[in-house]
Structure formats: structure tokens, C-alpha cells
Amino acid sequence: MADEALFLLLHNEMVSGVYKSAEQGEVENGRCITKLENMGFRVGQGLIERRNTVLLLVDLFRFTKDTARFKDELDIMKFICKDFWTTVFKKQIDNLRTNHQGIYVLQDNKFRLLTQMSAGKQYLEHASKYLAFTCGLIRGGLSNLGIKSIVTAEVSSMPACKFQVMIQKL
């Protein structure tokens, strides 16, 4: 529980720090959102690198052949929704939907980074600040799993949110 509180505090300070250090033009042009998203991207890559290193060591220990860990894109998205999300947020995504054409919607009905904010409509405009890092986190994780993507987020009622992942075909 303490590590969750530390993560929430760190995230809030990160958002606050990026916005406090920015000049007015940067805020208006969305550069703060981009900075937060890029920070998340690098953390997401790092989490997958750590996971891949552990799996490689397990494979070497078991003397297994190099086999695909995921059979398809949907398997990777399921991994993101279950294992990856649980590692970061201590719970799984509540719902995963796809159109089977490269678009996935991940829904979290009680997103931890929004639960501390009030549920009033006036706070919805600030929600994007608190979702940018996580969009980068997802994009970075997918990148290290060999999937190039665009990740966006939307909130219609707090603290629920949806992350839309659009897979970029190479």
C-alpha cells in the first residue's frame, strides 16, 4: 500500500513540476502533455525491458528454444491489460475491446491516478494532465514488444477513463 501512495505522490509532483516549470506558450501548445507522455514512454519501455530480461533468464535456465511469447497482437494487448497494468496500478484493466482492425479500447473504471481528484465536471479539463504519462507508459510498453502505436485517453466521468490504442502498421 505504501508503494502505491508513493507512486501517486510522485506522479502528482511530476505533473505539477512539468507545468510549473513551463512557460505559458508551452502549456498552450501542449508541450507539457508531450513531456509527460515521453516520460511515460521511457518508463513503459523500461518495465518491458526488465520483464524480457527475467524471461530470458528463465528460458536459459530451462534450456528452451526461442519461441514466441505472444501468438498475436491481441495476446500482447491482453498482457498489457493484465500483467503490465497490475504491475503498475495493482489491478487489471476492467474491460478490453477491439474492432479487430488495430484499434483497442482499455477501460479502467476506477483509474488510480484520477481517484484523488474530485468528480465534478469542472475537473474534467484537468484530467488530460494526469493521463498523459499513462498514455506514454502504454505506448512505451507496446514499443518494446514490437508494436508501434498511438495512445489517447478520454474521461467522461471521473475516475473512469478509456485509453484508445491505435496500432500503426509498419
Side-chain angles (χ1 to χ4, degrees), residues 1-22 27 30-55 70 73-98 103-145 147-167:
M1 197 61 111
D3 57 339
E4 180 182 342
L6 290 173
F7 176 70
L8 292 173
L9 287 170
L10 175 64
H11 181 264
N12 286 340
E13 285 302 311
M14 195 170 50
V15 171
S16 178
V18 166
Y19 275 84
K20 281 181 184 174
S21 69
V27 173
R31 288 192 184 123
C32 292
I33 296 288
T34 301
K35 282 182 184 178
L36 289 166
E37 202 266 347
N38 286 336
M39 287 177 188
F41 180 82
R42 184 59 198 117
V43 171
Q45 284 184 316
L47 287 171
I48 295 298
E49 284 172 10
R50 189 177 116 224
R51 175 198 163 268
N52 285 343
T53 301
V54 169
L55 288 177
F70 303 108
E73 195 176 88
L74 182 59
D75 253 10
I76 292 173
M77 292 308 297
K78 287 178 183 177
F79 165 78
I80 293 293
C81 292
K82 292 178 182 176
D83 302 320
F84 187 78
W85 208 258
T86 300
T87 298
V88 179
F89 298 110
K90 309 296 184 232
K91 70 182 276 301
Q92 294 182 7
I93 280 286
D94 295 306
N95 195 356
L96 169 64
R97 295 186 181 192
T98 182
I103 296 180
Y104 297 86
V105 177
L106 291 64
Q107 183 170 338
D108 190 328
N109 294 327
K110 196 173 179 187
F111 185 56
R112 298 224 191 284
L113 299 180
L114 295 179
T115 54
Q116 302 300 317
M117 294 177 70
S118 183
K121 292 247 184 230
Q122 69 270 27
Y123 295 101
L124 283 176
E125 70 183 58
H126 297 288
S128 62
K129 295 179 196 178
Y130 297 91
L131 299 173
F133 179 82
T134 306
C135 287
L137 196 69
I138 296 167
R139 191 172 65 86
L142 288 171
S143 173
N144 259 17
L145 292 170
I147 293 182
K148 186 176 178 185
S149 63
I150 297 172
V151 181
T152 57
E154 71 175 60
V155 177
S156 52
S157 65
M158 301 243 263
C161 67
K162 293 179 182 177
F163 296 92
Q164 181 172 310
V165 178
M166 295 183 300
I167 305 299

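Only this structure's heavy atoms are used, side chains among them; waters, hydrogens and symmetry mates stay out.
Note that CD1 of Ile167 is 8.5 Å distant from OG1 of Thr98, once rounded to the nearest 0.5 Å. For the atom pair Thr134 OG1 and Phe163 CZ, the distance stands at 5.0 Å (nearest 0.5 Å). In this structure, CZ on Phe133 lies 10.5 Å from CD on Glu37, to the nearest 0.5 angstrom. The distance from the CE atom of Met77 to the CZ atom of Phe70 is 11.0 Å, given to the nearest 0.5 Å. In this structure, SG in Cys135 is found 10.5 Å from CD in Gln164, a value given to the nearest 0.5 Å. Summarising the geometry, atom NZ belonging to Lys162 is positioned 12.5 Å from atom CG belonging to Asp108; distances are rounded to the nearest 0.5 Å.
Within the 4.5 Å cutoff, no side-chain heavy atoms of Ile80 are placed close to those of Ile93. Side-chain atoms of Ile33 and Leu131, non-hydrogen and from C-beta on, never get closer than 4.5 Å to each other. Under the 4.5 Å side-chain criterion, counting only non-hydrogen atoms from C-beta, Arg97 is not in contact with Gln107. You'll find the side chain of Gln45 reaches within 4.5 Å of the side chain of Ser143, heavy atoms only.
At distances below 3.5 Å, not a single donor-acceptor pair connects side-chain atoms of Arg139 with backbone N or O atoms of Val151. Listed for the Asn144 side chain is no donor-acceptor partner under 3.5 Å among the backbone atoms of Ile48. Listed for the Ser16 side chain is no donor-acceptor partner under 3.5 Å among the backbone atoms of Asn12. With Thr86 contributing its side chain and Asp83 its backbone, the two residues share no donor-acceptor pair below 3.5 Å.
In terms of heavy-atom proximity, Lys129 sits nearest to Val15 at O-CG2, 3.6 Å. For Ala160 against Val155, the heavy-atom pair with the smallest separation is O-CG1, 3.4 Å. Taking every heavy atom of both residues into account, Met39 and Val18 meet most closely at CE-CG2, 3.7 Å. Shortest non-hydrogen contact noted between Leu96 and Lys78 is CD2-CG, 4.2 Å. Residues Ile147 and Glu73 come closest through the heavy atom pair CD1-CG, 4.0 Å.
A tilted orientation is assigned to the rings of His11 and Tyr130, their planes being inclined by 30° to 60°. Using the six-membered ring where Trp is involved, Trp85 and Phe111 have ring planes that are tilted, between 30° and 60° apart.
The environment of NZ in Lys148 is sparse: at most 12 heavy-atom neighbours from other residues, nucleotides or ligands sit within 6.0 Å.
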Discussion item. If you apply the rule side-chain contact (heavy atoms from CB on, under 4.5 Å), what do you find for Phe84 with Leu142, and how did you get there?
Written reply: CA-CA 10 Å; Phe84 187 78; Leu142 288 171; over 6 Å; no
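Ion pairing of Lys20 with Glu13 is absent here, as no side-chain N (NZ or NE/NH1/NH2) approaches a carboxylate O to less than 4.0 Å.
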